Amino acid sequence: MRPYRPQEIEPKWQAAWERDGLFRADDSPEDGRERFYKLHMFPYPSGDLHMGHAEAFAISDIIARYRWMQGYNVLHPIGWDAFGLPAENAAIQRGMHPKDWTYGNIPQQERSFRRYGMSFDWTRMLATSDPEYYRWTQWLFLQLYRAGLAYRKMAPVNWCPKDQTVLANEQVVQGRCERCGTIVVRKDLTQWFFKITDYADRLLEDMRELDWSDRVLSQQRNWIGRSEGAEVTFEIAETGDRIPVFTTRPDTLWGVTFFVFAPEHPSLERLAEAGGSADAVKELQDRLQRSDPAERQAASPRDGVALGVHAVNPVNGERVPCFVAPYVLMDYGTGAVMGVPGHDQRDFEFAREHGLEVRVVIQPPDVPEVEPTEMTEAYPHEGVMVRSGPFDGVRSPESIAQVIAWLEDAGKGRAAVSFRLRDWLISRQRYWGPPIPIIYCPACGDVAVPESELPVLLPEDVDFSPHGESPLARHPGFVDVACPSCGGPAKRETDTLDTFVDSSWYFLRFVSPRDPVRAWEPEDVERWLPVDLYSGGIEHAILHLLYSRFVVKALFDLGLVPFREPFTRLVNQGMVIMDGGAMSKSRGNLVGFAEELDRWGADVIRLTMMFAGPVEDDLDWATVSPAGVRKWLGRVWRAVHEVAALKETAGEVDGSTGGALRRVTHRTIKVVTADYDRNAFNVAISKLMTLTNEIQRVLEGGTVSVPEAREAAEALVLMLAPMAPHLAEELWREALGNAETLVHGPWPAWDEDLAREDVVVMVVQVDGKVRDRITVPADLGEDDARTRALDSGRVRALLDGREVVQVIVRPPRLVNVVTRGSN
RNA sequence: GCCGGGAUGGCGGAACUGGCAGACGCACCGGACUCAAAAUCCGGCGCCCGCAAGGGCGUGGGGGUUCAACUCCCCCUCCCGGCACCA
């Protein structure tokens, strides 16, 4: 028997599959197979694959291959998230042009994927930096622009001083740039936005139909941050300004003792003027201007300045003093809040700091009346409304709805919903991205580039080193253009689009990647989408996944796609770590994918990754054992060859195993199929190991039923195929002698009767403790079960001197004899 | 603080819908083969008592429901992830 040598068989089958085009998705409408769209988040072409890719893409490939074997017409495409800062920065570091860097890396990474046995439809490969792709990214922008979903405004935005560009809120993590970790600063700039906030409610609502993990769903829910409450308008007594506030606790309106504005509030200047506090307010604003958001919060938490004007509480006509304080944020709610120190901790602290009255209007249940001067903290919970005019005695939470109804009747306020989600900032002051297809004409204003003139090509001869303004602005040949509308001299927009715009629609382009006249074929989109199973890293829980959901909803509203959600089912693989922490050059624990691949081969790496644990858990490479997997595959190799050899010598067909192996085989097919369906590959592998053990045991037993052994070996090979495709194909074709590839199946079927066990071990308990085990037929009746359990010698001994109260019989697995002791 | 998830042998992890806890593997221990080692094969392996047969305990902690709880309910601890002066 030949030894198992992955290095020999893997390239052989990779070449054969490629030659026969086995992984090409079939677009033809006549193809009667059910379709399956398996997509993995496309990678950034960094030059090579690492161990994280090895796990993630193993998952994707296993699922795709499993569906092929089940007879599906599978779309499993690959492309490159090629535009964006990482590529641009990497290129600058190496003194290269981003284009050369990117397109130099792609073939190398492609080779690694092929060596790993990936079943991609390579004919559909695309890169977001291809003009044939970003033409349609620009087209998408224009669709949203026309629909009023892309707009430009001056706003305080996040600026990364290192990357020299603005960032979306989603790209700022704890005040730092998500990419480079630099602390971001606030700047007032005119920028392009997508109006994702219009979709906040639907993004929340439609999550119900998604088969995604709670983890991702809760992250999106938190990010959108919906809260219900009321908007109530206060009038400024001295000036007549009407200032709305948002509150989730309208039931505390009678407890308002002051009113606070955010330092950036637009009405502030005028009010300060009226109140004679202009200098003090200006000083506060200047001080804040010089500090970053983190300092601002830490410095003096209950900082604030009185404005000298008063707000009138609409519910009782009381005049309360107005303040400006940094704890009120301009970008949430209305930028002003009512101060209810009795029932909001921040307001409480502010009131104590500034000597303001604390009023209790919600009485906690089951405690004596609260004395405001003795309070050490606010009471933010539910209770009974007191000192609240018409509402005295009303309990929360019902009180909130009642107060809102009352406010609406009286014209003093209305029910309102507030979101944390902000619009998506999509313009970037960097080079390596799709130019935004807008032209500024002094006569006509903002003009969309006509679709017939797309793509707006990204010029290559650009000084793209980051200067804080768009590199394209320094390229006169790019900037100066004739207005498409009036023909007069005009200027192009010089910002480029955020990388996340590129990736928010690529799953659509994969269905018609070469279509020269439209972004996608409607019929193909209808046939393939939405994506049946999407896989990728949890780091995109909000960013890419939220953006893609928004884009699809917008396209749905425009009648451009017939579905509302892009990704029906989502699986997020865990990270690959080393010795309990991240792999990194600085920790000196970097495991090279290429080296591991050379050493073990693709099949062993794939299986090792999958056997380590559930796909969504982190995987510590230091604790796994490719050697263990390699050993098992060696046993599979030998066992299958030995079974195949039986056929040649033949003659020893008998029923010596009594069909036991058949039963094991069919039971294994049944459970392993279920394991594949729920992506429980670690469990599937353990069952296949057990099947291998059973086959070996039968072989060592001397007498073997050849058809039985062969059926077991074939099933084993087929079920192993998605995970270890090269080994499986080699055994299928060369050892078992099949003429056709197993890539397109068939996935083994099981016989339900055989999958059912015929004899089982029945547990006999006395008072819930296992006292005996009896082998019984699986179709054992209730009476038989009871009789045999009570006949058991061990049980009878234990029952001596005890009264049997009850016998629970659950044939054929368990009998529990319940007793009452008399001894 | 709020939201979501979790805690099972030395380790990774199994366990359907409440019915034998610890499948499968790693590590470890013992044995076979070998001059020796590697490879391979066989056996053992939750904890405690016991020569053994056997018994007791055991799924983060405490309570509860049930004939029966890793699984369901209540309370608590700790860990992971998200949000967080969000009004």
Side-chain angles (χ1 to χ4, degrees), chain A residues 173-174 213-227 229-230 232 245-250 252 260 262 293 296-298 301-303 325-329 331-340 343-347 349-350 380 418-421 538-539 541-542 572 574 607-608 611-614 616-620 622-632 634-635 638 671 674-675 680 682-693 696 700 760-773 794 805-810 813-819:
Chain A
V173 179
Q174 284 171 347
S213 69
D214 291 334
R215 189 171 169 198
V216 175
L217 293 177
S218 89
Q219 282 189 47
Q220 292 212 352
R221 218 172 271 127
N222 288 338
W223 188 260
I224 295 168
R226 184 180 199 275
S227 30
V232 184
V245 297
F246 174 76
T247 177
T248 53
R249 293 296 301 274
T252 64
V260 196
R296 174 175 166 162
Q297 187 177 335
R302 293 300 165 250
D303 205 4
Y327 85 88
V328 177
L329 309 173
D331 55 2
Y332 184 77
T334 64
V337 302
M338 58 188 212
V340 186
H343 307 286
D344 180 283
Q345 186 59 23
R346 297 152 302 180
D347 295 347
E349 288 165 20
F350 190 81
S418 190
F419 292 96
R420 212 191 70 94
L421 181 69
I538 192 85
E539 67 275 14
I542 301 170
N572 298 107
L607 280 166
T608 304
F611 189 51
E616 49 280 320
D617 288 5
D618 286 351
L619 185 165
D620 193 334
T623 70
V624 301
S625 171
V629 167
R630 178 67 180 73
K631 199 157 80 178
W632 170 49
R635 291 198 290 122
R638 273 192 306 278
V671 295
D675 290 337
N682 57 328
V683 186
I685 292 168
S686 76
K687 311 259 174 69
L688 295 179
M689 287 174 166
T690 306
L691 180 60
T692 311
N693 296 344
Q696 270 189 326
E700 279 157 19
V760 300
V761 174
M762 184 174 77
V763 169
V764 185
Q765 299 180 333
V766 177
D767 295 324
K769 289 186 174 137
V770 180
R771 295 303 183 187
D772 202 4
R773 292 163 210 271
R794 302 245 319 106
V805 179
Q806 195 185 356
V807 182
I808 310 281
V809 187
R810 292 283 179 279
R813 296 277 170 204
L814 176 137
V815 172
N816 187 11
V817 184
V818 186
T819 70

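These figures come from a predicted structure and were not determined experimentally.
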Hey, is the side chain of A/Arg215 pairing donor to acceptor with the base of B/G5 inside 3.5 Å?
-> no

Where the side chain of A/Leu814 is concerned, which of B/G19, B/A14, B/A87 is the nearest nucleotide?
-> B/G19

Write down the distance between CD1 (A/Ile538) and P (B/C80), rounded to a whole number of angstrom.
-> 16 Å

If you take atom types as modelled and just measure distance, does the side chain of A/Arg420 reach the base of B/C83 with a donor-acceptor pair under 3.5 Å?
-> no

Tell me which nucleotide among B/G19, B/A14, B/G82 gets nearest to the side chain of A/Gln219.
-> B/G82

With under 30° as parallel and over 60° as perpendicular, where do the rings of A/Phe350 and A/Tyr327 fit, or are they tilted in between?
-> tilted

What distance, rounded to whole Å, do you find between the two P atoms, one in B/C2 and one in B/C75?
-> 13 Å

Could you state the CG-C1' distance from A/Leu688 to B/A23, rounded to the nearest angstrom?
-> 14 Å

So, A/Arg420 versus A/Asn222: side-chain donor-acceptor pair below 3.5 Å or not?
-> no

Is there a side-chain polar atom (N or O) of A/Lys631 under 4.0 Å from OP1 or OP2 of B/C26?
-> yes

Is A/Lys687 near enough to B/A14 that one of its side-chain N or O atoms lies under 4.0 angstrom from OP1 or OP2?
-> no

Integer-rounded Å distance: B/A69 P and A/Asp767 CG | 12 Å

Point-to-point distance, once rounded to the nearest 0.5 Å, from CZ of A/Arg771 to CD of A/Gln765 | 10.0 Å

With nearest nucleotides of RNA chain B determined for A/Trp223 and A/Ala336 from heavy-atom distances, which residue corresponds to the more 5′ nucleotide?
-> A/Trp223

Kindly determine whether A/Asn693 and A/Arg635 satisfy side-chain hydrogen bond (donor to acceptor under 3.5 Å, both in side chains), including the steps that lead there.
-> CA-CA 9 Å; A/Asn693 296 344; A/Arg635 291 198 290 122; 2.8 Å; yes

When the C1' atoms of B/C51 and B/G46 are considered, how many whole Å apart are they?
-> 22 Å

Say you pick atom P in B/C57 and the same atom in B/A69; how far apart are they, in whole Å?
-> 12 Å

Please state how far atom CZ in A/Arg226 lies from atom P in B/G82, giving the value in whole angstrom units.
-> 25 Å

Mind checking the P distance from B/G5 to B/C74? Whole angstroms is fine.
-> 13 Å

Anti or syn - B/G9, cut at 90° from 0 | syn

Is there a donor N/O on one and an acceptor N/O on the other, under 3.5 Å, for the side chain of A/Asn222 and the base of B/G82?
-> yes

Phosphate oxygens OP1/OP2 of B/G54: is one of them under 4.0 Å from a side-chain N or O of A/Arg771?
-> no

Side-chain atoms of A/Phe611 come closest, of B/A87, B/G19, B/C24, to B/C24

Against the side chain of A/Gln765, the closest entry in B/G19, B/C67, B/C85 is B/G19

Expressed as a whole number of Å, how far does the P atom of B/C3 sit from that of B/C76?
-> 13 Å

Out of B/U40, B/A21, B/G56, which nucleotide sits closest to the side chain of A/Lys769?
-> B/G56

Would A/Lys769 and A/Asp767 pass as an ion pair if we require N to O under 4.0 Å?
-> no

The side chain of A/Asn693 lies closest to which of these nucleotides: B/G19, B/G25, B/C86?
-> B/G25

P atom, B/C24 versus B/C41: distance in rounded Å?
-> 16 Å

Would you mind reading off the distance between A/Leu421 atom CG and B/C83 atom C1', rounded to a whole angstrom?
-> 13 Å

Between P of B/A39 and CZ of A/Arg635, the distance in whole Å = 15 Å

Rounded to the nearest 0.5 Å, what separation is found between the CE atom of A/Met338 and the OG1 atom of A/Thr252?
-> 4.0 Å

Minimum-distance nucleotide to A/Ile808 side chain [options: B/C67, B/C86, B/A14] = B/C67

Interatomic distance at P, B/U71 relative to B/G62, whole Å | 13 Å

Taking a pair to mean Watson-Crick or G-U wobble geometry with both distances below 3.5 Å, B/C57 pairs with B/G46

Considering only atom P, compute the distance from B/C73 to B/U65 and round it to an integer number of Å.
-> 16 Å

Just how far, in rounded Å, is C1' of B/C83 from OH of A/Tyr332?
-> 12 Å

Taking OP1 and OP2 of B/A87, is either one under 4.0 Å from a side-chain nitrogen or oxygen of A/Ser227?
-> yes

From the candidates B/G19, B/G5, B/A87, the one with an atom nearest any side-chain atom of A/Asp214 is B/G5

Given B/A14, B/C67, B/C86, which nucleotide is nearest the side-chain atoms of A/Arg346?
-> B/C86

Would you say A/Asn682 reaches B/A14's phosphate, i.e. side-chain N/O to OP1/OP2 under 4.0 Å?
-> yes

Write down the distance between CD1 (A/Ile224) and P (B/C3), rounded to a whole number of angstrom.
-> 18 Å

